[in-house]
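Values below: every heavy atom of this structure, side chains too, minus hydrogens, waters and symmetry copies.
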Amino acid sequence: QVQLVESGGGLVQAGGSLRLSCAASGSIFSITAMGWYRQGPGKQRELVAALTYGGGTNYADSVKGRFTISRDNAKNTFYLQMNSLKPEDTADYYCNARIGVRDTMRFVDYWGQGTQVTVSS
């Protein structure tokens, strides 16, 4: 069974940094598109950063220059480095990936369980 497990959230002061990790496990033959989303209190879930298999990246305007998405292919893990955090970055963060499942040889979208990030002013 394929799953994504997130880690790295927590409480940080404004201006601080956190790194979120999303580890994929299970019967995987490929991971293509990867992304981080967030959902703040009373808000809709929004895309924060995306990374394609070819290395292309896309960031929300609100995080450009502060957040970086990256991956470690050998570990089937991808990351979101968050610097210069602001109180408005407070949200539940979710990872998402399109994963090729070996058992079925099909690509399926998976979500992590979410991790809370709280930025205090």
Side-chain angles (χ1 to χ4, degrees):
Q1 184 177 356
V2 174
Q3 61 178 349
L4 296 178
V5 177
E6 300 181 35
S7 60
L11 172 65
V12 64
Q13 288 188 330
S17 298
L18 284 174
R19 189 176 81 155
L20 305 183
S21 299
C22 182
S25 63
S27 180
I28 298 169
F29 70 85
S30 180
I31 300 177
T32 56
M34 294 151 280
W36 288 95
Y37 293 74
R38 68 185 180 188
Q39 187 166 14
K43 298 182 180 179
Q44 290 188 330
R45 189 174 296 190
E46 63 174 351
L47 176 66
V48 175
L51 176 64
T52 66
Y53 185 81
T57 57
N58 184 37
Y59 295 95
D61 288 342
S62 59
V63 307
K64 283 180 181 177
R66 300 188 298 123
F67 290 12
T68 303
I69 187 171
S70 62
R71 69 183 292 174
D72 184 333
N73 291 334
K75 296 181 179 179
N76 280 343
T77 300
F78 58 104
Y79 307 94
L80 184 67
Q81 178 67 43
M82 305 185 294
N83 299 328
S84 303
L85 282 161
K86 304 175 181 180
E88 50 263 44
D89 294 319
T90 294
D92 292 323
Y93 284 72
Y94 299 87
C95 63
N96 168 265
R98 174 148 293 193
I99 296 176
V101 181
R102 191 177 302 277
D103 294 346
T104 61
M105 297 306 289
R106 297 178 65 181
F107 284 90
V108 180
D109 284 334
Y110 287 89
W111 289 88
Q113 81 281 9
T115 186
Q116 189 173 52
V117 172
T118 303
V119 184
S120 63
S121 57

F29, CZ atom: more than 12 neighbouring heavy atoms under 6.0 Å:
yes

Using the rule given for side chain to side chain contact (heavy atoms under 4.5 Å, CB included), can you reason through T115 versus E6, listing the C-alpha separation, both sets of side-chain angles and the distance that settles it, and then say yes or no?
CA-CA 7 Å; T115 186; E6 300 181 35; 3.3 Å; yes

Any donor-acceptor pair under 3.5 Å from T32 side chain to R98 backbone:
yes

What one should report as the nearest heavy-atom pair of A14 and P87 is CB-CD, 4.1 Å

Please name the pair of heavy atoms, one in L47 and one in A60, separated by the smallest distance, quoted to 0.1 Å.
O-CB, 3.5 Å

Tell me, please, which residues at least two apart from Y59 pass ring pair (Phe, Tyr, Trp, His ring centres under 6.0 Å).
none

Does the ring centre of Y79 sit less than 6.0 Å away from the ring centre of W36?
no

Would the distance check show the side chain of T77 and the main-chain N or O of A23 forming a donor-acceptor pair, the cut-off being under 3.5 Å?
no

Test your reading of the model: is there a side-chain donor-acceptor pair from T90 to the backbone of V119, 3.5 Å cut-off?
yes

Short N-O contact, R38 and D89, less than 4.0 angstrom
yes

State the OG-NZ distance between S121 and K86, to the nearest 0.5 angstrom.
14.0 Å

If you round to the nearest 0.5 Å, how far is CZ of R71 from OG1 of T52?
8.5 Å

Dump the intermediate steps for side chain to side chain contact (heavy atoms under 4.5 Å, CB included) on T118 and V12, then the final yes or no.
CA-CA 6 Å; T118 303; V12 64; over 6 Å; no

The test is side chain to side chain contact (heavy atoms under 4.5 Å, CB included); show your working for Y93 and M82 and say whether it passes.
CA-CA 12 Å; Y93 284 72; M82 305 185 294; 3.9 Å; yes

Within this structure, what is the OG-CD distance for the pair S17 and Q81, rounded to the nearest 0.5 Å?
5.5 Å

For F107 and G100, the nearest pair of non-hydrogen atoms, with its separation, is CD2-N, 3.4 Å

What residues, two or more places apart in sequence or in another chain, satisfy side chain to side chain donor-acceptor pair (under 3.5 Å) together with R102?
none

Considering all heavy atoms of both residues, which atom of A97 and which atom of F78 are nearest to each other, and what is their separation?
CB-CE2, 4.0 Å

Among L4, V2, I99, which residue meets the side chain to side chain contact (heavy atoms under 4.5 Å, CB included) test with I31?
I99

All heavy atoms of S27 vs all of D103, minimum pair found to be OG-OD1, 3.1 Å

Centroid-to-centroid, W111 to Y37, below 6.0 Å?
yes

First locate atom OG of S84, then atom CZ of R66, and finally report the distance between them rounded to the nearest 0.5 Å.
7.0 Å

CE (M34) and CD1 (I69) are apart, to the nearest 0.5 Å, by 6.5 Å

Has the side chain of Q39 got a donor or acceptor atom that lies under 3.5 Å from a matching backbone atom of D92?
no

Check the pair L20, Y94 against side chain to side chain contact (heavy atoms under 4.5 Å, CB included), reporting the backbone distance first and the verdict last.
CA-CA 10 Å; L20 305 183; Y94 299 87; over 6 Å; no

How many angstroms lie between OG1 in T68 and CZ in R19, if you round to the nearest 0.5 Å?
11.5 Å

For the pair Q3 (side chain) and A24 (backbone), establish whether a donor and an acceptor sit closer than 3.5 Å, ignoring hydrogens and angles.
no

Less than 4.5 Å apart, any side-chain heavy atom of I28 and any of V101?
no

